[in-house]
2 protein chains.
Amino acid sequence: MHVRDTQESGTRARTRQAIIDAAIEVLGQNPTASLGEIAVAANVGRTTLHRYFPERSDLLKALSAEGMSRLDRAADNARLDEGTGADALRRLCHEYFELGSLLSLIFSEPQLIDDADWSEQGACDPRLRTLVERGHRDGTIDPELPATWVQSVLWSQLYAGWSYLADTHISRYEALRLVARTLGGAIAPKG
Amino acid sequence: MHVRDTQESGTRARTRQAIIDAAIEVLGQNPTASLGEIAVAANVGRTTLHRYFPERSDLLKALSAEGMSRLDRAADNARLDEGTGADALRRLCHEYFELGSLLSLIFSEPQLIDDADWSEQGACDPRLRTLVERGHRDGTIDPELPATWVQSVLWSQLYAGWSYLADTHISRYEALRLVARTLGGAIAPKG
DNA sequence: CTACAGTGGAGCACCGGTGTTCCACAAGGG
DNA sequence: CCCTTGTGGAACACCGGTGCTCCACTGTAG
């Protein structure tokens, strides 16, 4: 078949996805993992990995795209424009928590995701910014907290919850409950 | 001078400390930094660094000891047995925040200070545990939050605050205020 | 002045990860 | 059946960090 096979389903697309998935998993655990380890995790030879991603940086670029895409989907699922700001943030937290290992990866390699769209200083996802500003207005998010800080708190709590889940033998549900509870308190307007 | 020079003040002790301080700074920024970079930051030749710490692991052991010592001093300064649980935690947060780069280092290399004293599963600083339990009893810390989770939240907030301070051009005072505010809300008992 | 502690540059071998090439093998489509 | 596509083992050179040795330099105590 002489087709160009850019993004249609096929052997190549499946292998490529397997490598990306494995990379997220492995690099999430250990950001300095070698390409060999990633190849093993993907059930693929190192040669094959190099065929798809000639240089390490090529793989990282693909991971960046994949990460952004998953973040976008999660944000869509959270229906950020419905309900109060705090409720929307809670839903976003829930959706992000499902991202699993990707949380660790993003946390240890923030530059993978630091979208160039966001202004250089005080970078912040614009959707999150509007969400927080809505929360400020509707009185469900502490107006003393800038959107950028709310974003920091959200991510640090997510990461804490995810590693807490990995370190202890708590259930996924319980971990998310703890995160939601502390995050809710953290952003709530104070007396 | 044929003295043993174990921990008295002297050229060796000063050089050794300079290396340790530089290592905390450099490794806090980039956990994969080379020994050469650390030596440069310490204004010391790589040869000298190797004289004090023959292997990388030796330096890491020294960093572990130094880190523990600073943590202990910070905890002492916080007078953890005075006032309510929440107040003590707030003071501890304040003291820890002063640790600066050490926060990043501990956060990226937790095994450096994961004290073997702490029980393997659900590891937790015993002083923090008693503090949190006091907070549970005196009604200033949400009884739904186990001590281990409070510890996770404390550290993740400290790290978030520290990197927020590094990323934005906010004042140290403002950053600490944000951390204290969100941490306070996070652990507060919920209506 | 002499002796010695402390330093640090230069150079070396070693090791692991990387990027690349070559070739053998299996599956499926003409 | 042959030929293309995808694969992956093996081997190679390269590079950077590491651990080590040797030696020249400086400063200070005796």
Side-chain angles (χ1 to χ4, degrees), chain A residues 1-64 104-105 108-109 111-112, chain B residues 1-64 104-105 108-109 111-112:
Chain A
M1 52 160 97
H2 292 240
V3 291
R4 213 47 202 104
D5 187 23
T6 351
Q7 53 211 19
E8 73 208 270
S9 81
T11 308
R12 292 198 58 93
R14 253 182 296 112
T15 310
R16 184 186 150 92
Q17 195 57 43
I19 293 174
I20 290 179
D21 291 345
I24 290 176
E25 212 66 35
V26 171
L27 293 179
Q29 298 290 324
N30 169 22
T32 68
S34 72
L35 297 181
E37 297 177 61
I38 296 174
V40 169
N43 281 312
V44 150
R46 198 167 66 91
T47 308
T48 300
L49 194 154
H50 266 95
R51 213 188 316 272
Y52 285 82
F53 307 100
E55 302 199 357
R56 187 177 236 270
S57 63
D58 296 321
L59 176 57
L60 293 186
K61 256 186 291 185
L63 285 183
S64 171
S104 311
L105 182 58
S108 52
E109 308 285 333
Q111 72 283 12
L112 269 188
Chain B
M1 55 159 97
H2 293 242
V3 292
R4 211 51 200 99
D5 188 23
T6 354
Q7 52 211 23
E8 73 208 85
S9 80
T11 307
R12 292 196 58 91
R14 251 181 298 113
T15 312
R16 184 187 150 92
Q17 195 57 43
I19 294 174
I20 290 178
D21 291 346
I24 290 177
E25 213 65 35
V26 172
L27 293 179
Q29 297 290 327
N30 168 21
T32 69
S34 72
L35 297 181
E37 298 177 60
I38 296 174
V40 169
N43 280 312
V44 148
R46 197 167 67 91
T47 307
T48 299
L49 195 155
H50 266 88
R51 214 187 317 272
Y52 284 82
F53 305 101
E55 302 200 357
R56 188 176 236 269
S57 63
D58 296 320
L59 176 57
L60 293 185
K61 257 186 290 187
L63 285 183
S64 171
S104 312
L105 181 58
S108 53
E109 307 286 334
Q111 73 282 14
L112 267 189

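Just so it is clear: chains get the letters A, B, ... in the order the sequence lines come, proteins before strands, and each one is counted from 1.
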Rounded to the nearest 0.5 Å, what separation is found between the [atom1] atom of [X] and the [atom2] atom of [Y]?
X	Y	atom1	atom2	value
E109(B)	Q111(B)	CD	CD	5.0 Å
I38(A)	L63(A)	CD1	CG	7.5 Å
E37(B)	N30(B)	CD	CG	6.0 Å
T15(A)	Y52(A)	OG1	OH	3.5 Å
I24(B)	L105(B)	CD1	CG	6.5 Å

Quick one: is [X] getting a side-chain N or O under 4.0 Å of the [N] phosphate, OP1 or OP2?
X	N	result
T48(A)	dG8(D)	yes
H50(A)	dG19(C)	yes
Y52(B)	dT7(C)	yes
T15(A)	dT7(D)	yes

[atom1] of [X] versus [atom2] of [N]: gap in Å, rounded?
X	N	atom1	atom2	answer
D58(A)	dG19(C)	CG	P	9 Å
R14(A)	dG28(C)	CZ	C1'	13 Å
R12(B)	dG6(C)	CZ	P	5 Å
L49(B)	dG17(D)	CG	P	14 Å
L59(B)	dT18(D)	CG	C1'	13 Å
R16(A)	dT7(D)	CZ	P	13 Å
I19(A)	dG6(D)	CD1	P	13 Å

Point to revise | base_contact_polar (dG9(C) base, T47(B) side chain, donor-acceptor, <3.5 Å) | key: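 Side chain to base: pair found, below 3.5 Å.
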
Review point. Short question: side chain of D21(A), backbone of A18(A) - any donor-acceptor pair under 3.5 Å?
Key: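 Side chain of D21(A) to backbone of A18(A), a donor-acceptor pair under 3.5 Å: no, none is there.
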
Point to revise | More than 12 heavy atoms of other groups within 6.0 Å of Q29(A) CD | key: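 Result for CD/Q29(A): open.
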
[X], nearest nucleotide to its side chain (from [options]):
X	options	value
R46(B)	dG19(D), dT21(C), dG6(D)	dG19(D)
E55(A)	dG19(C), dG19(D), dG8(C)	dG19(C)
S34(A)	dG8(C), dG17(C), dG6(D)	dG17(C)

Check your understanding: Which residue lies toward the 5' end of DNA chain C, L35(A) or N43(B), if each is placed at its nearest nucleotide?
Key ->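 Mapping each residue to its closest nucleotide by heavy atoms, the 5'-most match is N43(B).
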
List every contact pair, protein side and nucleotides 23-26 of chain C side both N or O, where the distance is under 3.5 Å.
none

Exercise for review: Using a heavy-atom cut-off of under 4.0 Å over every strand shown, decide if F53(B) touches base, sugar-phosphate, or nothing.
Suggested key: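 No contact at all - F53(B) keeps every heavy atom at 4.0 Å or more from the nucleic acid.
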
